[in-house]
Amino acid sequence: MKILSASHIRDLDKYTIQNEPISSLELMERASLSFVEWLINKFDKINKTIVFCAIGNNGGDGLAISRLLLEREYQVQTFILHDAKSNPTDVEINLKRLKKIILVQDIYNETDIPDIDSDSIVIDAIFGSGLSRPITGIAAQVVHSINQSKATVVAVDIPSGLYVDTYNPNTTIIEADFTVSFQLPKLSFLLPQNARYVGEWHITDIGLHADAIEKARTSYYYTDASIVKSLVKKRDKFSHKGTFGHALLVGGSYGKMGAAILATRSCLRSGIGLLSIHIPACGYEILQTSAPEAMAMVDKEEKLISDIDIPDLTKYTAIGIGPGIGTASQTAEGFKRLLEQASKPLVIDADGLNLLSEHKEWLTLLPEESILTPHPKEFERLAGKTANEYERLDVLKKFCSDYKVNVVLKGAHTAVANAVGDIYFNSTGNPGMATGGSGDVLTGIITSLVAQSYQPFKAAVLGVYFHGLAGDKAAASKGYTALIASDIIDCLPQAFIEFGL
Ligand SMILES: NC(=O)C1=CN([C@@H]2O[C@H](COP(=O)(O)OP(=O)(O)OC[C@H]3O[C@@H](n4cnc5c(N)ncnc54)[C@H](O)[C@@H]3O)[C@@H](O)[C@H]2O)[C@@H](O)CC1
Ligand SMILES: Nc1ncnc2c1ncn2[C@@H]1O[C@H](COP(=O)(O)OP(=O)(O)O)[C@@H](O)[C@H]1O
Ligand SMILES: [K+]
């Protein structure tokens with residue numbers, strides 16, 4: 001799915017109205033109906049809904065939603081805030097329609113704000129994608145009252161006060177439990193700093209014109225199943241192990257062999273043809289017993305990786321390095337030599353990233369299209385601090401472009417960025433995956449896909465998606481609390497099978 005800016009969304013509306021064609025009033029009705037259907041489906045019991053509307057189109061949706069709920073015999077109280085200046089025709093019409101059924105109550109000042117019962121559902125239809133400045137005045141007071149209440153809050157399209165795609169320094173923003181958004185996810189939903197405002201978010205299809213969505217230019221995408229289907233390659237009947245590449249993993253140190261084993265096992269479970277792994281000597285038996293399918297090469301050092309003295313690096317179709325290697329000076333030297341010798345993209349994680357942060361001058365040694373997989377703290381060490389997560393996306397793009405690499409910025413919606421400025425946000429995964437070793441599993445998967453000759457950026461996008469999907473399947477049987485990284489590996493088969501792989 002594409003993630004579009006507020007102005008693109010306005011263009012989509014216009015295009016749909018002109019070319020479907022459909023009146024703007026009908027489109028508002030369709031959006032409102034999709035919201036009502038979601039609401040009724042979500043909640044078994046709805047005691048009372050309190051709908052807060054302003055007088056933009058988001059408020060128009062709120063008025064139509066009120067009417068549609070009343071028609072379905074729900075108890076509804078609707079309030080309209082007289083703050084914004086403009087009163088679009090569609091809003092006027094919806095207000096007239098609603099006033100024929102119930103008394104719509106006006107809010108002009110603080111005394112007009114109702115008490116909000118804890119067992120009611122508040123529908124936030126104050127401001128939507130048209131918000132153009134921070135909320136102040138009476139609207140801000142309403143937002144505070146809603147946030148202070150114990151009611152369940154459901155935002156229409158976007159929590160009022162949150163911008164679609166830019167930072168809002170003001171914190172007068174609705175804290176929704178749920179956000180039901182129209183047609184496409186909004187950039188702001190994907191950033192952790194907004195989680196308290198957005199709550200659990202859902203997208204409803206309101207039939208905006210497919211041609212317009214297709215034509216809209218964006219650098220932001222939400223990796224869903226249809227994107228994944230368009231990227232995966234099926235196995236040919238006559239393929240052999242040579243078809244699926246030969247990966248090299250470099251990992252482990254005394255006490256951290258587990259990280260290397262997790263990457264090894266996930267690499268094997270992600271379709272690799274052949275896998276070699278370079279480990280410290282102490283890891284030999286551990287590796288041979290826990291992953292007999294992999295070929296072990298031992299370092300001359302017992303407890304750590306030193307000079308990664310591997311003859312003929314060119315025979316490997318991908319090299320992944322980092323899990324559990326530590327940051328000892330001998331390891332740093334070996335890592336640097338590998339950077340100098342490698343001609344194909346590398347996959348670099350964990351201590352590999354820490355070594356790069358300690359020696360930023362080595363960033364220029366990275367083969368083009370290499371994949372770095374930092375979590376936010378590792379990224380900060382590499383690229384510096386940022387004031388907020390919107391700014392971090394800009395730094396992410398610049399970093400990828402400066403060093404001609406791909407970066408997998410890990411998190412709940414992992415952001416995969418490339419050197420031309422595209423960012424794909426992941427849709428799979430769950431908090432159960434916030435456990436030691438999940439990142440090592442990801443390194444193995446991505447290394448495997450690069451080795452199978454997926455273009456590195458695509459390998460990263462796919463790897464992140466399948467990692468999350470396997471995590472979701474693992475959570476279905478183990479729950480979030482008990483989930484461990486090995487469970488993700490165990491569920492990789494189911495994740496690939498879902499896509500016929
Ligand atoms: N995206 C879509 O395809 C559709 C959008 N619709 C709805 O339309 C919404 C967008 O509507 P609008 O563009 O009319 O804008 P909004 O309803 O989001 O509100 C903005 C209105 O309030 C004013 N305003 C902006 N910031 C303000 C502030 N801080 N304080 C006071 N007034 C402020 C603006 O001048 C404008 O009149 C969407 O969020 C969605 O709910 C649906 O009705 C139909 C389809
Ligand atoms: N709340 C979450 N929702 C979805 N995915 C998550 C969540 N928390 C962690 N993950 C995923 O788990 C992995 C954790 O990686 P990382 O932080 O490197 O952990 P480790 O170093 O312990 O292996 C990342 O791929 C991340 O996207
Ligand atoms: K809203």
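For ligands, and for the atoms within them, numbers begin at 1 and follow the listed sequence.
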Participant: For L208, is at least one N or O under 3.5 Å away from an N or O on ligand 1?
Facilitator: no
Participant: Would you say D157 has any N or O atom under 3.5 Å from an N or O of ligand 1, going by distance alone?
Facilitator: yes
Participant: Heavy atom of S132 under 4.0 Å from ligand 1?
Facilitator: yes
Participant: Is the shortest side-chain N to carboxylate O distance from R67 to E29 below 4.0 Å?
Facilitator: yes
Participant: Using a heavy-atom cut-off of under 4.0 Å, does the side chain or the backbone of D90 touch ligand 1, or both, or neither?
Facilitator: neither
Participant: Got a salt bridge between E20 and R30, using NZ or NE/NH1/NH2 to carboxylate O under 4.0 Å?
Facilitator: yes
Participant: Side chain or backbone of F182 under 4.0 Å from ligand 1, or both, or neither, by non-hydrogen atoms?
Facilitator: side chain
Participant: Which option wins on minimum heavy-atom distance to atom 13 (O) of ligand 1: S181, G130, A140?
Facilitator: G130
Participant: Under 3.4 Å from the K ion (ligand 3), is there an N/O/S atom belonging to F127?
Facilitator: yes
Participant: I would like to know whether K410 and D349 meet salt bridge (charged side-chain N to carboxylate O under 4.0 Å, His left out); could you show each step before the answer?
Facilitator: CA-CA 11 Å; K410 293 185 284 197; D349 184 34; 3.3 Å; yes
Participant: Just give me the atom name: the N, O or S atom of D124 closest to the K ion (ligand 3).
Facilitator: O
Participant: Write out all pairs satisfying ring pair (Phe, Tyr, Trp, His ring centres under 6.0 Å) with one or both partners inside residues 428-451, taking only residues at least two apart or from two chains.
Facilitator: none
Participant: Does the ring center of F499 lie less than 6.0 Å from the ring center of F466?
Facilitator: yes
Participant: Y424 vs F457 aromatic rings, parallel, tilted or perpendicular, using cut-offs 30° and 60°?
Facilitator: perpendicular
Participant: Find all atoms of ligand 1 within a distance of less than 4.0 Å from any non-hydrogen atom belonging to I9, and give their numbers and elements.
Facilitator: 1 (N)
Participant: Given W201, which of W38, F178, F189 fulfils the ring-ring contact (aromatic ring centres under 6.0 Å, His included) condition?
Facilitator: F189
Participant: Return yes when P134 approaches ligand 1 closer than 4.0 angstrom through a heavy atom, no otherwise.
Facilitator: yes
Participant: Could you name the option among N58, N170, L27, I138 that has the heavy atom nearest to atom 17 (O) of ligand 1?
Facilitator: N58
Participant: Can we say D487 and K473 salt-bridge, meaning some charged N sits less than 4.0 Å from an Asp/Glu carboxylate O?
Facilitator: no
Participant: Is there a nitrogen or oxygen of V156 sitting under 3.5 Å from a nitrogen or oxygen of ligand 1?
Facilitator: no
Participant: Which part of N57 is near ligand 1, with near meaning a heavy atom under 4.0 Å away: side chain, backbone, both or neither?
Facilitator: both
Participant: Does I126 bring an N, O or S atom to under 3.4 Å of the K ion (ligand 3)?
Facilitator: no
Participant: Counting backbone and side-chain atoms alike, is an N, O or S atom of D157 positioned under 3.4 Å from the K ion (ligand 3)?
Facilitator: no
Participant: Could you check whether the rings of F52 and F79 sit parallel, tilted or perpendicular, using 30° and 60° as the cut-offs?
Facilitator: parallel
Participant: Can you sort out which atoms of ligand 1 are near I135, meaning under 4.0 Å from one of its heavy atoms?
Facilitator: 29 (N)
Participant: Out of S24, A54, S129, G137, whose heavy atom is nearest to atom 10 (C) of ligand 1?
Facilitator: S129
Participant: Quick one: closest heavy-atom pair of G471 and N430, and the distance?
Facilitator: O-ND2, 3.1 Å
Participant: Which one of D61, D205, T204 satisfies the side-chain hydrogen bond (donor to acceptor under 3.5 Å, both in side chains) criterion with S34?
Facilitator: T204
Participant: Give the atoms of ligand 1, by number and element, whose distance to some non-hydrogen atom of G56 is under 4.0 Å.
Facilitator: 14 (O), 17 (O)
Participant: Please determine if the K ion (ligand 3) has an N/O/S atom from I158 lying under 3.4 Å away.
Facilitator: yes
Participant: Name the residues with a heavy atom less than 4.0 Å from ligand 2?
Facilitator: H375, K410, G411, A412, T414, G429, N430, P431, M433, A434, T435, G436, G437, S438, G439, D440, L442, H467
Participant: Heavy atom under 4.0 Å from ligand 1: found in L131's side chain, backbone, both, or neither?
Facilitator: both
Participant: Mind telling me whether Y220 and F425 have parallel, tilted or perpendicular rings, with 30° and 60° as the class edges?
Facilitator: tilted
